[in-house]
Amino acid sequence: MVAKLHYLKTSVTGTAAQLISNVPMSHESFDVAWNLIKERFDDKERLILSYVEKLFSNTTQVNRTAHDLNTLVSSTKETLDALKALDVPLEHWNYVLLYTLTRRLDSTMREAWEVKRSSLPRPTTVDQLIDFIQARARALEAIQSPSQSTYSSRIKSVKEPLTPKTRAAHYATTQPATAQYPCDLCRGAHYIVSCPKFRELHPTDRHKLVVNQRLCFNCLGHHNLSACNSSRTCKTCGAKHHTMIHLPSSIPQHQLATAQRRPQPLCDGLNQLSHYLKEMRRRCAISPV
């Protein structure tokens, strides 16, 4: 019993260790120490509530990576197993758990889950959702090799802060959330690449809108093509313009670049006036007195 008491004292920490720190090392003391710990911590309802809080309190959306998805699954399964061990009836928690877990997924994962769910028999269970998340995590692990992961983390660690120009280009091409300036089509709080109305337009109409609004042809940001810092190109033809304004082959693609470089009517007038004044000064300089 002395050995059991010694093992108990070396196994507990914090409040539990303080609680039995003054119990003497003797054959009769183990039962005393064990009863002290049970009276202090053996509160079944308190344990259940702590696990419920762990399950529902965290609403943070997880990243779509193998590590984060596996962590979400393991944490959820451990909590559910603990609740089952405490004789909590979980058979009626199915839809609550489905809602809680899907809320932790990003929009891409939720869309994929809805597609998967539509092919499953009813009712959909939380175990089916967990299997789906685990399958996605395995797929991501297969796609991203360890060398790629190490290289990506190394690049992120040495990446320089974005300048105002590169930040604007980055936001205009990658961010679907609240924009720094309103949408150029519907004036909504998003970038034009995320605008539903813009996406519904024909590519020719999108191209005309970009020309009229004098947007960057490469990232659709508020700057000229020559000032664009984005390295992205059209996914259809590889040219230096946004994929959403890629025109059909019947329309020459070189018009994309020349359209934005073409001076506006006001600029044409100023250029003609400047040329006229230079010509008049030259003629006056060489005319006889």
Measure from the side-chain N and O atoms of [X] to the backbone N and O of [Y], and report whether any donor-acceptor pair falls under 3.5 Å.
X: R206; Y: R199; value: yes
X: D68; Y: R64; value: no
X: N218; Y: R232; value: yes
X: Q128; Y: T125; value: yes
X: R104; Y: V62; value: no

* Please step through side chain to side chain contact (heavy atoms under 4.5 Å, CB included) for the pair L55 and L80, ending with a clear verdict. => CA-CA 8 Å; L55 190 63; L80 294 178; 4.0 Å; yes

Quick one: [atom1] on [X] to [atom2] on [Y], what's the gap to the nearest 0.5 Å?
X: E78; Y: L83; atom1: CD; atom2: CG; value: 12.0 Å
X: N63; Y: T71; atom1: CG; atom2: OG1; value: 10.5 Å
X: H241; Y: C234; atom1: NE2; atom2: SG; value: 3.5 Å
X: N212; Y: R214; atom1: CG; atom2: CZ; value: 11.0 Å
X: H190; Y: C183; atom1: NE2; atom2: SG; value: 4.0 Å

* To do: Please name all residues satisfying side chain to side chain contact (heavy atoms under 4.5 Å, CB included) with K77, sequence neighbours left out, ordered by chain then number.
  => V73, I130, Q134

* Listed partners of I37 passing side chain to side chain contact (heavy atoms under 4.5 Å, CB included), at least two apart -> L8, V12, I20, F41

Any heavy-atom pair between the side chains of [Y] and [X] that's under 4.5 Å?
X: I133; Y: N70; answer: no
X: L215; Y: H222; answer: yes
X: L69; Y: M109; answer: yes
X: F217; Y: K240; answer: no
X: L72; Y: L105; answer: yes

Restricting to non-hydrogen atoms, name the atom on [X] and the atom on [Y] that form the minimum distance, rounded to 0.1 Å.
X: I245; Y: L220; answer: CD1-CD2, 4.3 Å
X: A239; Y: T233; answer: O-CB, 3.3 Å
X: V193; Y: M244; answer: O-SD, 3.9 Å
X: H207; Y: L247; answer: CB-CD2, 3.9 Å
X: S29; Y: V23; answer: CB-CG1, 3.5 Å
X: A66; Y: L140; answer: N-CD1, 3.9 Å

* Asked: Picking from D184, L201, L185, what satisfies side-chain contact (heavy atoms from CB on, under 4.5 Å) with C195?
  -> L185

* To do: Check the side chains of H67 and T65 for a donor-acceptor pair under 3.5 angstrom, ignoring hydrogens and angles.
  => no

* Not counting sequence neighbours, list each pair that qualifies as a side chain to side chain donor-acceptor pair (under 3.5 Å) and has a residue in residues 47-61. => N58-T60

Which side-chain N or O atoms in residues 94-101 pair as donor and acceptor under 3.5 Å with protein atoms at least two apart or in another chain?
| unit_1 | atom_1 | unit_2 | atom_2 | d |
| --- | --- | --- | --- | --- |
| N94 | OD1 | V126 | N | 2.9 |
| N94 | ND2 | T124 | O | 2.7 |
| T100 | OG1 | V96 | O | 2.8 |

* Which residue pairs pass the ring-ring contact (aromatic ring centres under 6.0 Å, His included) test with at least one member in residues 108-143, sequence neighbours excluded? -> W113-F132

* **Those residues that, when tested against R138, pass salt bridge (charged side-chain N to carboxylate O under 4.0 Å, His left out) (two or more places apart)** => none

* Ion pair present between E114 and R117, side-chain N to carboxylate O less than 4.0 angstrom? -> yes

